[in-house]
Amino acid sequence: MIHVADPLVTLAACLAPAFEAVAGRAGIDPVVRPSDRADAQANGALALAKELGKSPREVADAVLVQAKQLTGVCSSIEVAGSGFLNIVFDNAFLGDELAKVAADERLGVSTASRSRTVIVDYSAPNVAKEMHVGHLRSTVIGDALVRLLEFVGHRVIRENHIGDWGTPFGMLIEHLVDLGEDEAADHLSLGDLDGFYKEARAKFDASDEFKERARARVVALQSGDGETRRLWRLLVQLSTEYFNLVYSLLGVRLTDDDIMGESAYNDGLSSVLERLGKLGLLAESDGAEVVFPPGYTNRDGDPLPLIVQKGQGGFNYATSDLACVIDRIERIGADLLLYVVGAPQAQHLSMVFDVARMAGWLNEPAEAVHVAFGSVLGSDRKMLKSRSGETPKLVELLEEAVARAGDAVAEKNPELPEGDKAVIARMLGIGAVKYADLSTDRIRDYVFDWERMLSFDGNTAPYLQYAHARICSIFRRAGVDRASLRSVTPTIVEAQEKALALAVLGFDSVVADTIEKYSPHRLCTYLYDLATAFTAFYEHCPVLKADDAVRESRLALCDLTARVMERGLGLLGIDAPEQM
RNA sequence: GCGCUCGUAGCUCAAUGGAUAGAGCAUUUGACUACGGAUCAAAAGGUUAGGGGUUCGAGUCCCUUCGAGCGCGCCA
């Protein structure tokens, strides 16, 4: 495998010995950062000055004297300001690095030093309930993380923890019985899941007789009654068929094989209780079996319990979540559990993880991480609502995105064949929605705005897709085989070429950084910067009009940019059409 | 009441403890019969909510006040 490092990483490795020689000890970080005054800067001298009892500039000067092995990597290195080292990369070095990336299927992205078995728990819609924007965030962020983690070589297991169990299923099954199976199937296959749920709920609230039947049905379901189980499976099946339609429209990789609903852990629930009991972690509180993880208090300042068995004897979601941890670690052998779940559940998950650690189920190096995200807001900065005041259905939102993108494509590029138009509209519309969701720090709430996300200007999917399509158009005009450009060593001359080269070479680092923080927005920001660097290059550096050698070099840069853009968008789950 | 998260330009958002806090919208000005104008350049716009502290250096770390959102025993 060809390993190509980010020039900043190479530089840091080259500078470290010089810093260590000056410091007289190992383990010095040169603190290499991007710079707006040079290609890079090393700030390590400032931190070292106090330790050595010298001024930062003296230290920087000393490092400079030691740093002779930088020839071939840098063309200039100088001390500036209060002790910064400003570094300019050698153009030939950058060209060689680009050639390595061009020859690499992975575009220079290295695989993880330690491959882990990662569970990504995401999407998690509820059976017989509509998918809404909350599921959008979990699904889109989770899907991007899956793609990123797989790309760097982890064993990734997708788990869709659907809500397919619990007391509501009594009323849902009784409602299904009332309607008749065929009628209910029609109802649900139309995607009117909320209607079905609401009708059941209304009957439950209005009729004592229905309420009684629903309760009896829950008991029958939990005791494994055959006919009840069959009806339950029918409900689950109708719902998952509907989910699959949404996933397909959305272009995420979840399938029925990834479903691990709450019901899947039923058999492990009593064992959770038993094991906690044996460990002496259980306490009895108001008739319930609970665990008190330290550090949590309720309104009255009393210790807050995690309830693992209700006063009535039933289990709840905490029990199921613990069974789930056990399953993932003991059966699957996972060492990283990612929960792509909304921020409001932070305390619950934190308590579950703490209890799992207390019980010894979740030990180093295995870890569980809550990949939390904020809410989707309307322009009023309140939870997004449709005009009628309801939570918008996810499918309708996606369909509107595709329709709006279709209008834009029809307007901007009327010559496209109808069939292509529909395909491209879907890529643009879905891409826009996903990118809007992924491009801001996930922990914050974000404002949903059709016009902004579908704009061809600014940090949006259509802008990035356009940058990519524009490059593809250059190749059509040039009539070159893109693959033939991949053995070319680009010649870096102009400042815009160099800026683009540095952007391309930074792909490896940004992928690693994105994964380390579980923050897809870092990759988004990078791709936007790449597109910006490309347009500056494209503006200043003629490609097709240039002389042969320069033309080939610039075409190679174009090819690399397009490949990084397409791969980067692909890691986010976003398509990059060649025309739009 | 306690806890968690957030607070950055008019708006929407960036910014591994590093120099002068960056983009995009919107605003103003300019370039060019255009290698896809779905373009580019420039200007203007900031007490990083307030106050203290740590540090050579703080939007970033700590404390505190204010504001917003969310959570806090048998729903998931």
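So that the names make sense, note that chain A is the first sequence line, chain B the second, and so on, each numbered from 1.
Remark: A:Tyr463, A:Tyr466, A:Ala469, A:Arg470 in residues 460-471 of chain A come within less than 4.0 Å of RNA chain B through at least one heavy atom.
Using atom C1' as the reference point in both B:rC63 and B:rC56, the two lie 22 Å apart (nearest Å). Distance noted for atom C1' between B:rG59 and B:rG46: 11 Å (whole Å). For the P atoms, the distance linking B:rG53 with B:rA58 amounts to 12 Å, nearest Å. Spacing of C1' atoms, B:rA43 relative to B:rA26, comes out at 14 Å, to the nearest Å. Here the separation of B:rU60 from B:rU55, taken at their C1' atoms, is 13 Å to the nearest Å. Between the P atoms of B:rG10 and B:rG17, the separation comes to 27 Å (whole Å). The gap from the C1' atom of B:rG73 to that of B:rG51 amounts to 39 Å, rounded to the nearest Å. Nucleotides B:rG24 and B:rC40 place their C1' atoms 15 Å apart, quoted to the nearest Å.
Anti is the classification of B:rG50, since its glycosidic angle lies more than 90° from 0.
Atom pair A:Gln309:CD and B:rC75:P shows a separation of 13 Å (rounding to whole Å applied). Atom NZ of A:Lys412 is separated from atom P of B:rA38 by 6 Å (rounded to the nearest Å). Atom pair A:Ile87:CD1 and B:rA19:P shows a separation of 15 Å (rounding to whole Å applied). We find that CG of A:Asp321 is positioned 10 Å from P of B:rA76, with the value rounded to whole Å. B:rU39 atom P lies 10 Å from atom CE of A:Met580, rounded to whole Å. As a whole-Å value, the separation of A:Trp450 CH2 from B:rC25 C1' is 19 Å. Atom pair A:Asn266:CG and B:rA76:P shows a separation of 12 Å (rounding to whole Å applied). In this structure, A:Asp437 atom CG and B:rU12 atom C1' are separated by 15 Å, rounded to whole Å.
No donor-acceptor contact under 3.5 angstrom links the side chains of A:Ser263 and A:Asn266, judged on distance only.
For B:rA41, the base has no donor-acceptor partner in the side chain of A:Glu539 [N/O atoms by modelled type, under 3.5 angstrom].
Comparing A:Ser473 and A:Ala288, the nucleotide of RNA chain B nearest to each residue sits closer to the 5' end for A:Ser473. A residue-by-residue look at A:Ile307 and A:Gly166 shows that A:Ile307 has its nearest nucleotide of RNA chain B further toward the 5' end.
Among the atoms of the strands shown, none is found under 4.0 Å from any heavy atom of A:His348. Contacts of A:Val543 with the nucleic acid, taken as non-hydrogen atoms under 4.0 Å apart, include base atoms. If you check every strand for non-hydrogen atoms under 4.0 Å, A:Cys541 touches a base. Residue A:Lys545 is in sugar-phosphate contact alone, with no base atom involved, counting any heavy-atom pair closer than 4.0 Å across all strands shown. Contacts of A:Gln41 with the nucleic acid, taken as non-hydrogen atoms under 4.0 Å apart, include base atoms. Within 4.0 Å of A:Gly311, counting heavy atoms only, lies at least one base atom of the nucleic acid. No engagement by A:Tyr296 is indicated, since no non-hydrogen atom pair under 4.0 Å with the nucleic acid exists.
Atom CZ of residue A:Phe475 and atom CG of residue A:Leu485 lie 6.0 Å apart, to the nearest 0.5 angstrom. Taken from CD1 in A:Ile307 to CG in A:Asp286, the straight-line distance is 8.5 Å, to the nearest 0.5 Å.
Across all strands shown, B:rU12 pairs with B:rA23; the Watson-Crick or G-U wobble distances both stay below 3.5 Å. Using the Watson-Crick or G-U wobble rule with both distances under 3.5 Å, B:rC35 pairs with nothing in any strand shown.
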Taking only nitrogen or oxygen atoms into account, show me every contact under 3.5 Å that the protein makes with nucleotides 2-5 of chain B, one pair per line with its distance.
none

Mind listing the N/O atom pairs, protein and nucleotides 53-60 of chain B, below 3.5 Å?
{"unit_1": "B:rC56", "atom_1": "OP1", "unit_2": "A:Lys50", "atom_2": "NZ", "d": "2.2"}
{"unit_1": "B:rC56", "atom_1": "OP2", "unit_2": "A:Lys50", "atom_2": "NZ", "d": "3.3"}

Please write out the pairs of protein N or O atoms and N or O atoms of nucleotides 20-24 of chain B separated by less than 3.5 Å, giving the distance to one decimal.
{"unit_1": "B:rA23", "atom_1": "O2'", "unit_2": "A:Tyr528", "atom_2": "OH", "d": "3.4"}

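With hydrogens and angles disregarded, no donor-acceptor distance shorter than 3.5 Å links the side chain of A:Trp232 to the backbone of A:Trp165.
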A:Phe537 vs A:Phe534, ring pair (Phe, Tyr, Trp, His ring centres under 6.0 Å): CA-CA, chis, key distance, verdict: CA-CA 5 Å; A:Phe537 156 80; A:Phe534 177 78; 5.7 Å; yes
Applying salt bridge (Lys or Arg N to Asp or Glu O under 4.0 Å), run through A:Arg201 and A:Asp205 and close with a yes or a no. CA-CA 6 Å; A:Arg201 180 85 227 173; A:Asp205 290 339; 3.4 Å; yes
Would you sort out whether A:Met260 and A:Asp327 count as a side chain to side chain contact (heavy atoms under 4.5 Å, CB included), showing the intermediate values? CA-CA 11 Å; A:Met260 277 298 280; A:Asp327 182 69; 3.8 Å; yes
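Residues forming a side-chain hydrogen bond (donor to acceptor under 3.5 Å, both in side chains) with A:Tyr538 (at least two apart in sequence, or on another chain): none. Residues passing the side-chain hydrogen bond (donor to acceptor under 3.5 Å, both in side chains) test with A:Asp354 are A:Tyr296, A:Arg357, sequence neighbours excluded. A:Tyr339 is linked by a ring pair (Phe, Tyr, Trp, His ring centres under 6.0 Å) to A:Phe353, counting only residues two or more places apart in sequence or in another chain. Applying the salt bridge (charged side-chain N to carboxylate O under 4.0 Å, His left out) rule to A:Arg470 yields no partners; only residues at least two apart in sequence or on another chain are considered. Shown here are the side-chain hydrogen bond (donor to acceptor under 3.5 Å, both in side chains) partners of A:Asn126, two or more places apart in sequence or in another chain: there are none. For A:Lys203, the side-chain hydrogen bond (donor to acceptor under 3.5 Å, both in side chains) partners two or more places apart in sequence, or in a different chain, are A:His175, A:Asp178.
OP1 or OP2 of B:rA76 has not a single side-chain nitrogen or oxygen of A:His161 nearer than 4.0 Å. Side-chain N/O atoms of A:Arg476 include none lying less than 4.0 angstrom from OP1 or OP2 on B:rC35.
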Kindly list each side-chain donor-acceptor pair under 3.5 angstrom involving residues 375-383 of chain A, sequence neighbours excluded, with atom names and distances?
{"unit_1": "A:Asp380", "atom_1": "OD1", "unit_2": "A:Lys382", "atom_2": "N", "d": "2.9"}

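Closest approach of A:Ala128 and A:Ser239 over heavy atoms only: N-OG, 3.0 Å.
Annotation: A:Tyr265 is in aromatic contact with A:His161 [ring centroid separation under 6.0 Å].
Residue pairs meeting the side chain to side chain donor-acceptor pair (under 3.5 Å) criterion with at least one partner in residues 541-560 of chain A, sequence neighbours excluded, are A:Arg482-A:Asp559, A:Arg486-A:Asp559, A:Glu497-A:Arg554.
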